[in-house]
Amino acid sequence: MTRDGDSPARVRFAPSPTGHLHLGGLRTALFDWLWARKTGGQFILRIEDTDRKRFEPESLDSLIRGLRWLGLEWDEGPDIGGPFAPYVQSQRQEIYLEKAQELIDRGHAYRCFCTPERLASLREEQRRTGHRTGYDRHCRRLSDEERSQREAEEIPSVIRFAVPLEGDTTFTDLVRGDIRVENKQMQDEVLLKADGLPTYHLAAMVDDHLMEITHVLRGEEWLATAPIHKLIVDAFGWDMPVLVHLPVILDPSGKGKMSKRKKLVAGKEFLALVHEFQDAGYLPDAMFNFLTNVGWNFDPEQEVFSREEAIDRFCLDEINPSAAALPYEKLDWLNGLYIRSLSPAALKVALVPYLSRQLGLSEDELNSDGRLDVLIPVIQERLKRLDEGADWVDWAYLTSDELSYSDPKLLIGRKMDAAQSIAMLRAGALLLGEVEPFEADAIQGAFRERAAELEVKAGNFFGPIRGAVSGKKVSPPLFESIVALGRHETLQRIGRATTFLEGLTKEEGK
RNA sequence: GCCCCCAUCGUCUAGAGGACUAGGACUCAGGCCUUUCAAGCCUGCAACAGGGGUUCGAAUCCCCUUGGGGGUACCA
């Protein structure tokens, strides 16, 4: 039933807007989307905002941006509507109320008048005495009389599900098989809260049914509540959708579920939130490729694949049931691969916003001259993330004054002395003053020729020049850097570097 | 504590009883290339958690142990 030829599935991603979307959520959405596209069905976005205390309005925006960033377009959702609108649970309150009442009428639920205080002290007592925690079903045993009396007094109440006292419940998880749990292990979960809003247990089951959801993909943290959900769905007399619990994503250390942000032994910070990956300059295509292979495997012999290929091969019953840590190094490698596959023009478009932010220059300024056009092709293969671009080109945007040569090691290579470096700088300046055309190949040719005449190694010649031009030990290829800077600015920098070294040798001579 | 799930190189994974001297990828190490740094190419290190079964034969099936994870809310 999950092989080729599956009928169109209706799959929903149903996050609660309680904060920024993290990679685990994004992966769930991705698998949802993949399955909907694979079967030619629908991908539905539903907002589960039934917790007023934890609701954060901004997270909705963040959520939508994150999904769009990865390219997961939904077919029905709060912003575009659909045949089962509204897709925001807080706007569906009457439905849940009605359904909860229906369960009471059928004897599957009951009103509970216990105060939060009683519940808390009950829990405390259970913990203290080493008993298992849980509601003691006090109100389930209320007589009709007692119940109507409390209702008449308008004592605040919730509606709880009445779990069968005996027997057991079996449900099926597509990747784990049948799972059986004794009913006595389950709680009379709250279905409708005192504020009139439903809990997940009610709202999700009702909406999944009403919205004709065929497959529910959700995090493994829901596995323990699945039997309750089965019981609720059974109580209504509905069909259970296919359940797939996606393995949790572990903290990079492999210990515990990934949370917002944690530090690893190396003291290195790992990203977890979708917008953080965005800001760091991971490409959506790379992220798509990466995430698809966590919890599922495209092909053990093929690491890189397109969205179309992924849709074509994706299969729910191949999902891996075991928890996994994100292989961050692989993400970097993949991202580098995708960056290299971009055309220089496309990379420029992607890179300029990052450069603008980090260098404090406007995008117009960055686009106004040819520096980036020369530099981008040569830094392309050096980038793993877009936010590394600034480190590769910042020197080109410094004025002569801003560039200082305080460290002689920058200009003097290993096994060289200051006098030799000065000679190299002078020779370089001489060449750069007259070489034509002022292009990387021509300049390189002239430099190599001169190196041969001088009988010095290319590295010894280029090193001091590199230091003078970029102010760095490590820079993009020298001759492209020189071209990006232009003849005038390059000569200026070499001149200043020469002066600096000369001052140094004089001091030593004293 | 109780319930449930999971278990192959450091990490992501392939493996659905014989094709496994366990394959791929990332990382790491070494080499080639080389103007720095990368990229690229080549080589290498590295795993079936342990113990019992079942079977002619087990990484693959069963049981136990251990380890890890999840849940135990008027949160999702």
Side-chain angles (χ1 to χ4, degrees), chain A residues 14-18 48-51 53-54 112 114-116 119-120 123 126-127 130-135 156-160 173 175-176 179-182 184-187 189-201 203-204 218-227 245 247-248 250 252 254-257 290 293-304 320-334 336-337 340 378-384 392 413 444 447-448 451 457-463 465-467 470 472-479 481:
Chain A
S16 65
T18 54
E48 309 214 325
D49 59 342
T50 56
D51 186 349
K53 290 186 282 292
R54 295 201 306 155
C112 168
C114 293
T115 62
L119 262 23
R123 226 181 342 258
Q126 286 166 334
R127 233 187 286 275
H131 285 77
R132 49 168 318 204
T133 58
Y135 181 54
S157 65
V158 301
I159 295 177
R160 285 183 185 272
D173 175 277
V175 298
R176 282 166 253 261
I179 295 170
R180 188 162 55 105
V181 178
E182 292 175 302
K184 67 179 184 198
Q185 298 296 342
M186 286 185 248
Q187 302 279 321
E189 300 286 349
V190 171
L191 260 21
L192 204 79
K193 297 179 272 190
D195 63 7
L197 285 165
T199 59
Y200 175 93
H201 308 304
R218 38 143 65 158
E220 192 183 346
E221 60 269 25
W222 290 107
L223 194 62
T225 48
H245 292 93
V248 291
L250 264 20
K255 304 272 179 202
K257 197 165 75 163
F290 172 72
N293 258 347
V294 177
W296 182 70
N297 188 249
F298 175 80
D299 181 338
E301 309 286 320
Q302 186 185 340
E303 294 289 332
V304 184
N320 200 139
S322 50
L326 292 174
Y328 283 86
E329 285 117 347
K330 207 163 182 171
L331 207 213
D332 281 349
W333 167 76
L334 253 180
L337 218 65
R340 274 172 257 137
V378 294
I379 66 167
Q380 184 159 19
E381 67 197 33
R382 279 154 246 266
L383 296 180
K384 282 192 156 67
W392 283 105
Q444 173 158 202
F447 267 73
R448 288 196 183 280
K457 280 195 197 158
N460 286 343
F461 191 10
F462 301 170
I465 309 279
R466 177 189 310 284
S470 67
K472 297 185 180 219
K473 264 290 190 210
V474 173
S475 82
L478 218 210
F479 305 104
S481 299

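Below, chains carry the letters A, B, ... as their sequence lines are ordered, and counting in each starts from 1.
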Next on the checklist: Walk me through whether A/Val378 and A/Trp392 qualify under side-chain contact (heavy atoms from CB on, under 4.5 Å).
Outcome noted: CA-CA 10 Å; A/Val378 294; A/Trp392 283 105; over 6 Å; no

Item to check | Atom-to-atom span, CZ of A/Arg382 to C1' of B/rA39 - whole angstrom | outcome: 7 Å

Checklist entry - Taking the C1' atom of each, how far is B/rG23 from B/rG30, in whole Å? => result 23 Å

Checklist entry - Residues in salt bridge (Lys or Arg N to Asp or Glu O under 4.0 Å) with A/Lys384, at least two apart? => result none

Checklist entry - Is a side-chain N or O of A/Arg382 found less than 3.5 angstrom from the main chain of A/Pro476, in a donor-acceptor match? => result no

Item to check | Inter-nucleotide P distance (B/rA58, B/rG51), Å rounded | outcome: 14 Å

Next on the checklist: Need one value for A/Ile179: base, sugar-phosphate or nothing, where a base atom within 4.0 Å counts as base even if backbone is also close, heavy atoms only.
Outcome noted: sugar-phosphate

Item to check | Interatomic distance at C1', B/rC32 relative to B/rC48, whole Å | outcome: 35 Å

Next on the checklist: If you compare every side-chain N and O of A/Arg466 against the phosphate oxygens of B/rC37 (OP1, OP2), does one of them come in below 4.0 Å?
Outcome noted: no

Item to check | Counterpart residues, salt bridge (Lys or Arg N to Asp or Glu O under 4.0 Å), relative to A/Glu303 (two or more places apart) | outcome: A/Lys330

Checklist outcome for this item: In 5'-to-3' order, the base (B), backbone-only (S) or no-contact (-) status of each nucleotide in nucleotides 21-33 of chain B, using a 4.0 angstrom heavy-atom cut-off, is --BBBSS------

Checklist outcome for this item: Contacts of A/Arg218 meeting side chain to side chain donor-acceptor pair (under 3.5 Å) (sequence neighbours excluded), chain-then-number -> A/Tyr200, A/His229, A/His245

Item to check | Residue A/Arg340, side-chain atoms from C-beta onward, closest of B/rA39, B/rU35, B/rC12 | outcome: B/rA39

Checklist outcome for this item: note: A/Gln185, atom CD; B/rC2, atom P; distance rounded to Å ~ 11 Å

Next on the checklist: Once side chain to side chain donor-acceptor pair (under 3.5 Å) is applied, do any residues pair with A/Ser475, and if so which ones, sequence neighbours excluded?
Outcome noted: A/Arg466

Item to check | Set of residues satisfying side chain to side chain donor-acceptor pair (under 3.5 Å) with respect to A/Thr199, sequence neighbours excluded | outcome: none

Next on the checklist: Heavy-atom nearest nucleotide on RNA chain B for A/Pro247 versus A/Val474: which residue maps closer to 5'?
Outcome noted: A/Pro247

Checklist outcome for this item: Using Watson-Crick geometry (N1-N3 plus N6-O4 or O6-N4) or G-U wobble (N1-O2, O6-N3), each under 3.5 Å, B/rU60 is paired with none

Item to check | Between P of B/rU35 and NZ of A/Lys473, the distance in whole Å | outcome: 16 Å

Checklist outcome for this item: Each nucleotide of nucleotides 67-76 of chain B classed B (base within 4.0 Å of a protein heavy atom), S (only sugar-phosphate) or -, in 5' to 3' order, makes --SSSSSBBB

Item to check | Donor-acceptor under 3.5 Å (A/Glu221 side chain, A/Val248 main chain) | outcome: no

Checklist entry - Between B/rU13, B/rC5, B/rU36, which nucleotide has the shortest distance from any of its atoms to the side chain of A/Arg176? => result B/rC5

Checklist entry - B/rU66 and B/rC45: how far apart are their C1' atoms, nearest whole angstrom? => result 28 Å

Item to check | C1'-based separation of B/rG40 from B/rA16 [nearest Å] | outcome: 38 Å

Checklist entry - Taking the nucleotide of RNA chain B with the closest heavy atom to each, which residue, A/Gly459 or A/Asn293, is nearer the 5' end? => result A/Asn293

Item to check | C1' spacing across the pair B/rA14 / B/rA25, given as an integer number of angstrom | outcome: 11 Å

Item to check | For A/Arg340, side chain to side chain donor-acceptor pair (under 3.5 Å) partners two or more places apart | outcome: none

Checklist entry - Partner of B/rG44 by Watson-Crick or G-U wobble geometry, both contacts under 3.5 Å, or none? => result B/rC28

Checklist outcome for this item: Using Watson-Crick geometry (N1-N3 plus N6-O4 or O6-N4) or G-U wobble (N1-O2, O6-N3), each under 3.5 Å, B/rA19 is paired with none

Item to check | B/rG10 and B/rU72, which share atom name C1', separated by this distance in whole Å | outcome: 33 Å

Checklist entry - Mind checking who B/rU35 pairs with, Watson-Crick or G-U wobble, both distances under 3.5 Å? => result none

Next on the checklist: Just to verify, what does A/Phe462 make a ring-ring contact (aromatic ring centres under 6.0 Å, His included) with, not counting sequence neighbours?
Outcome noted: A/Phe479

Next on the checklist: Less than 4.5 Å apart, side chain to side chain, heavy atoms only: is that true for A/Leu223 and A/Asp173?
Outcome noted: yes

Item to check | Separation of B/rA7 P from A/Asn320 CG (nearest whole Å) | outcome: 7 Å

Checklist entry - What distance, rounded to whole Å, do you find between the two C1' atoms, one in B/rU8 and one in B/rA49? => result 10 Å

